Amino acid sequence: MLDIKLLRNNFEEVEKALSGRNEDFDLGRFKALDENRRKLLAEVEELKSRQNAGSKEIPVLKKEGKDTTSLMEEMKQLSDQIKEMSGRVQDAEKELNDYMLTIPNIPHPDVPAGSSDEDNVEIRRFSEPREFDFEPKAHWDIGADLDILDPEMAARTTGARFTFYKGLGAKLERAIGNFFLDVHGNQGYEEIFPPFMVSRDSMTGTGQLPKFEEDAYKVTGDGKEYFLVPTAEVPVTNMYRDTILDGAKLPLKYCAYTACFRAEAGSAGRDTRGLIRQHQFNKVELVKFTKPEESYAELEKLTADAEEVLQILGLPYRVVRICVGDLGFTAALKYDIEVWMPSYGRYVEISSCSNFEAFQSRRANIRYKAAADDKPQFVHTLNGSGVAMGRTTAAILENYQQADGSVVIPEALRPYMGGLEVIKAQGD
RNA sequence: GGAGACGUAUCGAAGUGGUCAUAACGAGCCGCACUCGAAAUGCGGUCGUCCUUUACGGGACGCGUGGGUUCGAAUCCCACCGUCUCCGCCA
């Protein structure tokens with residue numbers, strides 16, 4: 001959510017800053033909604049002020065033995081008026097608030113211009129794509145040939161865009177997750193294992209709702225409604241919803257493994273094979289709560305921390321700065337880390353690292369006090385994948401494949417797999 | 001699933017229809033005094049949000065959340081959320 005005062009006082013600047021965004025929103029309604037709310041609020045508060053004065057007078061008059069009948073009659077009318085006006089104020093506030101939730105974040109000045117992912121700007125690369133002296137296979141074929149990935153089985157039990165990991169495939173995925181958590185733990189991130197289902201309020205707090213409800217899975221039971229987490233960002237960021245944090249303890253750094261659930265609405269026909277775009281996938285997420293003045297330095301560190309796992313695994317990647325048209329609803333600045341995927345012949349997103357500034361914290365009401373007697377102010381929230389596990393499995397299978405169909409396990413993962421060095425087809 | 005208790009400021013906790021919610025009382029925290037210094041003691045201070053104002057200030061709201069009753073609700077009624085205890089069940 002944007003700062004309403006900023007919108008009120010610098011409307012033209014905000015309008016200009018949002019102009020490159022590839023989002024559907026309407027700034028035009030703002031002034032009317034805002035002025036309507038303030039006008040109604042002033043009126044009802046005036047009435048309440050009179051009511052409070054009258055309510056104090058009644059017991060005084062009674063004590064003096066005076067008649068209060070006419071005053072009470074007057075107060076009754078005032079009370080009815082207040083009820084009617086309060087309803088109108090509530091409606092106006094809800095309308096304004098609902099509206100504010102549909103305005104995307106203001107891009108940071110460093111965000112490149114552009115309308116699509118083709119306009120993202122490459123910042124740096126690590127390593128070089130491997131030259132194969134044989135025809136490399138796609139990870140879905142490797143997975144089938146080694147009998148470690150089985151989407152057909154998942155189609156039988158569940159449906160499209162799910163996969164069974166089997167045997168060493170399951171073990172590899174689990175090893176990757178444990179490796180990620182250990183690396184990030186050593187970087188100073190506290191490990192969290194959060195609920196995989198969250199409330200509507202949490203989904204609204206981090207910005208998935210109300211605009212992107214069609215992307216989320218909803219679960220009902222015992223008359224309640226939950227959402228399956230699309231990313232650990234949601235439960236971990238919302239840990240401190242409606243909380244005032246101690247400024248001396250910032251930045252707070254967390255890492256969390258969760259399965260992630262996404263409806264992938266609008267992705268029909270895209271990346272239908274393999275592990276790249278599933279309804280359920282695993283991810284380790286990094287989340288930070290920082291002071292505003294430190295958030296961009298912390299974003300650089302967070303991105304570097306995410307990159308480190310790929311460096312250790314020896315996977316070639318590049319980092320791009322996301323352009324305004326590709327930025328997403330909630331971010332002010334975003335880096336994507338893209339891993340080299342031989343089957344795609346290009347770099348594929350494996351992590352997004354974003355600074356949301358106060359956009360989420362204002363929605364979720366996450367604040368801090370720099371000192372005991374300071375006014376609370378909104379923290380900046382950041383997060384980044386550290387990194388997507390399924391895509392890492394895919395990248396390892398493809399980048400570490402051998403001419404004989406086997407896959408070498410990166411050294412850093414071997415301790416997590418009982419020392420195993422190579423995944424070979426059964427019977428080899 | 002059954003029975004019961006409870007949700008008030010940073011914490012503990014009082015208040016059970018009115019003029020004590022900037023919230024009693026206690027603790028914590030900050031400042032000052034005393035002291036060589038500390039402890040102890042004393043004094044003072046110590047929530048948030050919104051509206052309005054150049055400012056000083058003024059006003060509204062908040063006792064888990066949302067409704068209701070009433071001239072007036074922390075207090076009475078209803079629903080929901082959460083916490084705790086006991087029983088049952090369960091991984």
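Predicted model, so just to flag it, every value in this text is computed and none were measured. Just so we're on the same page: letters track the sequence lines, and every chain starts at 1.
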The side chain of A/K224 lies closest to which of these nucleotides: B/G82, B/G18, B/G67?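 The listed nucleotide nearest to A/K224's side chain is B/G82.
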
How far does the [atom1] atom of [N] sit from the matching atom of [M], given to the nearest Å?
N	M	atom1	answer
B/U75	B/G62	P	11 Å
B/C20	B/G2	P	46 Å
B/U65	B/U10	P	14 Å
B/U22	B/C61	C1'	14 Å
B/G67	B/C11	C1'	31 Å
B/U41	B/C63	C1'	34 Å
B/A27	B/U85	P	29 Å
B/C76	B/G17	C1'	8 Å

Counterpart base for [N], defined by Watson-Crick or G-U wobble contacts under 3.5 Å:
N	value
B/G4	B/C84
B/G62	B/C47
B/G37	none
B/C25	B/G12
B/A74	none
B/U54	none
B/C89	none
B/U19	none

To the nearest Å, give me how far apart [atom1] ([X]) and [atom2] ([N]) are.
X	N	atom1	atom2	value
A/R241	B/G82	CZ	P	12 Å
A/K83	B/A73	NZ	C1'	12 Å
A/K369	B/C30	NZ	P	14 Å
A/K76	B/G72	NZ	P	7 Å
A/I244	B/C29	CD1	P	19 Å
A/R367	B/C47	CZ	P	14 Å
A/D242	B/G48	CG	P	16 Å
A/D3	B/U49	CG	P	13 Å

Starting at the 5' end of RNA chain B and moving along, which residue's nearest nucleotide shows up first, A/K63 or A/I58?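 Its nearest nucleotide lies further toward 5', so the answer is A/K63.
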
When you match A/E73 and A/V60 each to their closest nucleotide on RNA chain B, which lands nearer the 5' end?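 With A/E73 and A/V60 compared, the 5'-side residue is A/V60.
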
Does a donor on one side chain and an acceptor on the other come within less than 3.5 Å for [X] and [Y]?
X	Y	answer
A/Y257	A/E191	no
A/Y296	A/D110	no
A/D326	A/N120	yes
A/T381	A/Q360	yes

What residues in residues 46-56 of chain A put a non-hydrogen atom under 4.0 Å from any atom of RNA chain B?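 A/K48, A/S49, A/Q51, A/N52, A/S55, in order of number.
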
For [X] against [Y], the heavy-atom pair lying closest together:
X	Y	result
A/P230	A/M203	CD-SD, 3.9 Å
A/A175	A/M417	CB-CG, 3.7 Å
A/V229	A/P235	CG1-CD, 3.7 Å

Within the 4.0 Å heavy-atom criterion, would you say A/E64 contacts the bases, only the backbone, or no part of the nucleic acid?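 No contact at all - A/E64 keeps every heavy atom at 4.0 Å or more from the nucleic acid.
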
Which part of the nucleic acid does A/M75 contact within heavy-atom distance under 4.0 Å: base, sugar-phosphate only, or nothing?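 Sugar-phosphate only.
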
Given 3.5 Å as the limit, does a donor-acceptor pair link the side chain of [X] with the main chain of [Y], or not?
X	Y	value
A/H380	A/K291	no
A/R262	A/D215	no
A/R362	A/F378	no

Can you pull the salt bridge (Lys or Arg N to Asp or Glu O under 4.0 Å) pairs that have at least one residue in residues 164-187 of chain A, sequence neighbours excluded?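 Sorted pair list: A/D147-A/K166, A/D150-A/K166.
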
Is any side-chain nitrogen or oxygen of A/S79 closer than 4.0 Å to OP1 or OP2 of B/U70?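 Negative; the distance criterion is not met.
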
Shorter than 3.5 Å, N or O on both sides, protein versus nucleotides 50-54 of chain B: list them out with atom names.
unit_1	atom_1	unit_2	atom_2	d
B/C50	O2'	A/R37	NH2	3.0
B/C51	OP1	A/R8	NH1	3.3
B/C51	OP1	A/R8	NH2	3.3
B/U52	OP1	A/R38	NH1	3.1

Look at the aromatic rings of A/F329 and A/F212 and report parallel, tilted or perpendicular, splitting at 30° and 60°.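 Perpendicular.
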
